[in-house]
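Below is one structure, written out as structure tokens; comments come after it.
As the structure lists them, so they are numbered: ligands from 1, and atoms in each ligand from 1. All residue numbers refer to positions in the sequence shown, counting from 1.
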Amino acid sequence: MRNHAPYLTLLLCAGCLSTACSGTPPDSVARALIRAGFPKNTAFTLLKELTEQAGHRLSGSAGSLKALDVTQQMMRQAGLTHVRVESVMVPHWERGTVEEAVLLDAGGRRISPLSVCALGGSVGTPIRGITADVVEVQSFDQLRALGKSAVGKIVFFNRPMDPTRLDPFNAYGGAVDQRGRGAVEAARAGGVAAIVRSVTTARDNVPHTGAMGYVDSVRRVPAVAIGIEDADRLSALITRGPTPRVRIRLDCRVLPDAPSGNALGELTGSEFPDQIIVVGGHIDAWDKGTGAHDDGAGCVQAIEALRLLREIGVRPRRTLRAVMFMNEENGLRGGRGYAASPNRDSETPIAALESDRGGFAPRGFSVQADSATFTRVRQWQSLLELLDAGKVETGHGGVDITPIVDKGTPGFGLLVDRQRYFDYHHSANDTLDKVHPRELEHGAIVMAFLLYLISEQGL
Ligand SMILES: [Zn+2]
């Protein structure tokens with residue numbers, strides 16, 4: 001949008017003849033970003049397009065490849081250059097069409113369905129399903145203590161997220177082991193399948209999927225997530241007795257690895273084009289909803305942040321590169337592939353920023369870097385407060401950028417209002433209508449501003 005430049009000359013930088021330059025006061029840039037971003041909320045328009053055109057985009061799916069096309073087109077329209085895909089191979093798991101669990105009476109007759117979905121990576125069941133009594137536990141220790149009484153049973157892991165933890169991300173971390181390792185631990189105990197209480201803060205009956213794993217030395221048993229209301233109902237039945245019997249049927253399956261990739265686009269640095277500042281999210285998403293918060297939001301915010309900077313006339317000193325990382329949810333092949341690519345050999349990484357905590361109102365940034373870098377970033381706190389996002393704390397940058405950060409590059413994660421993310425995360429409720437256009441845009445504005453500060457001032 002080169003035709004905006006004359007206007008921006010006045011808007012941003014009275015002393016500069018063309019566009020915003022390193023002499024432009026940062027507070028002017030912050031105000032220009034607000035003026036450019038909020039009237040249009042373009043990030044939401046992009047998210048609508050992504051979720052409508054490539055709603056189901058689990059790695060290896062046709063939708064995931066479509067998402068690469070859609071986001072490349074968005075980057076071109078935003079005026080980014082060097083728009084391309086860097087190839088990676090990804091795991092390919094398909095949910096299939098049969099996905100059910102039913103409560104049975106003692107005679108094997110159907111009492112009622114349970115709200116379940118397969119966990120990502122689960123093996124399927126035989127066509128007739130797996131039918132067994134259910135045993136409930138809150139922990140792996142409790143399961144081991146059951147000894148032989150778990151043999152031949154469906155193991156029901158029912159430890160909830162701890163609601164007394166202020167940060168739901170911490171509560172999630174305290175419960176998600178059941179999803180990740182439940183199938184392995186159930187099989188070790190002699191169980192035939194696993195049912196896992198959905199790892200969510202919602203109070204509804206929608207099941208939440210997510211990655212689970214197997215180990216080669218342990219028999220592979222199927223695993224499902226169950227909605228919270230049915231988890232409580234099942235638990236009440238077990239307490240009351242007699243032991244409920246459940247039949248699970250799944251036709252999900254693992255296919256050979258599939259070709260895929262990360263989509264990239266850039267604003268090339270005017271002074272240091274080989275110095276790279278990455279901004280991204282993950283383009284793959286679980287297949288129950290449309291991945292609006294997780295992580296369509298982060299992807300479109302990365303594109304929108306660069307589009308905003310271009311619109312207000314910023315020509316960054318260092319290269320700003322948007323990356324749509326593939327396969328965060330069940331493999332991290334995109335993040336690893338990006339960092340390991342020979343294309344990185346001629347580049348100097350400066351920083352990597354990820355948005356993957358949902359498209360909620362921004363609060364600031366987590367910083368994953370040495371103390372000197374953290375101190376430097378802390379000095380920008382008062383500037384970030386101009387955008388009502390002045391929180392700067394040490395912490396995890398993001399899963400996709402971890403392979404970059406592990407090589408010594410400072411990592412940044414957008415911090416947001418955390419309370420609702422796990423209501424929607426990995427479920428059929430992660431859809432566009434749960435995203436607030438202004439909050440989403442606010443995040444993109446704050447990201448753009450941090451990118452500007454890093455690009456102009458360095459770290
Ligand atoms: Zn995510």
Side-chain angles (χ1 to χ4, degrees), residues 43 47 50-51 54-59 61 63-64 67-68 71 90-91 93 119-121 161 167-173 175-176 179-180 198-201 208-212 225 260 262-263 278-303 322-336 338 352-360 362 366 368 395-405 411-432 434-435 440 443-444 447:
L47 187 59
L50 174 65
T51 53
H56 288 186
R57 50 183 192 278
L58 188 59
S59 293
S61 66
S64 67
L68 293 177
T71 48
V90 293
W93 175 83
L119 292 180
M161 285 174 70
D167 183 349
F169 282 79
N170 289 336
Y172 179 76
V176 76
R179 192 190 77 206
S198 286
V199 190
T200 179
T201 39
H208 294 239
T209 190
M212 51 87 70
S260 189
N262 302 317
V278 163
V279 55
H282 63 85
I283 192 64
D284 64 310
W286 285 109
D287 52 342
K288 298 302 282 184
T290 58
H293 276 295
D294 186 15
D295 182 26
C299 288
V300 300
Q301 282 176 322
I303 297 170
V323 183
M324 312 288 108
F325 290 101
M326 184 59 74
N327 190 223
E328 188 269 352
E329 296 292 4
N330 59 339
L332 196 56
R333 301 277 185 88
R336 290 202 187 101
Y338 175 88
L353 163 62
E354 177 154 12
S355 166
D356 187 20
R357 294 178 173 106
F360 302 99
S366 54
Q368 194 172 3
H396 185 57
V399 173
D400 297 284
I401 61 173
T402 295
I404 305 173
V405 174
F412 297 82
L414 182 70
L415 292 172
V416 299
D417 181 330
R418 308 169 199 216
Q419 298 305 324
R420 283 165 289 152
Y421 183 59
F422 292 103
D423 285 9
Y424 313 129
H425 176 259
H426 297 181
S427 82
N429 278 337
D430 186 3
T431 48
L432 186 72
K434 312 304 188 308
V435 180
L440 184 71
M447 290 165 69

* **Under 3.5 Å: donor-acceptor pair, side chain of D430, backbone of T290** => no

* Asked: With sequence neighbours left out, what residues match R333 under salt bridge (charged side-chain N to carboxylate O under 4.0 Å, His left out)?
  -> D257

* Please report the number of protein N, O or S atoms that lie less than 2.8 Å from the Zn ion (ligand 1). => 4

* Structure fact -> The ring pair (Phe, Tyr, Trp, His ring centres under 6.0 Å) partner of H425 among W286, F360, F169, Y172 is Y172

* Structure fact -> Minimal heavy-atom distance between V300 and L50, with the atoms involved, is CG1-CD2, 4.4 Å

* Can any side-chain N or O of R357 pair as donor or acceptor with the backbone N or O of G398 at less than 3.5 Å? -> no

* Asked: What is the minimum heavy-atom distance between P168 and Q419, and which atoms define it?
  -> CG-OE1, 3.5 Å

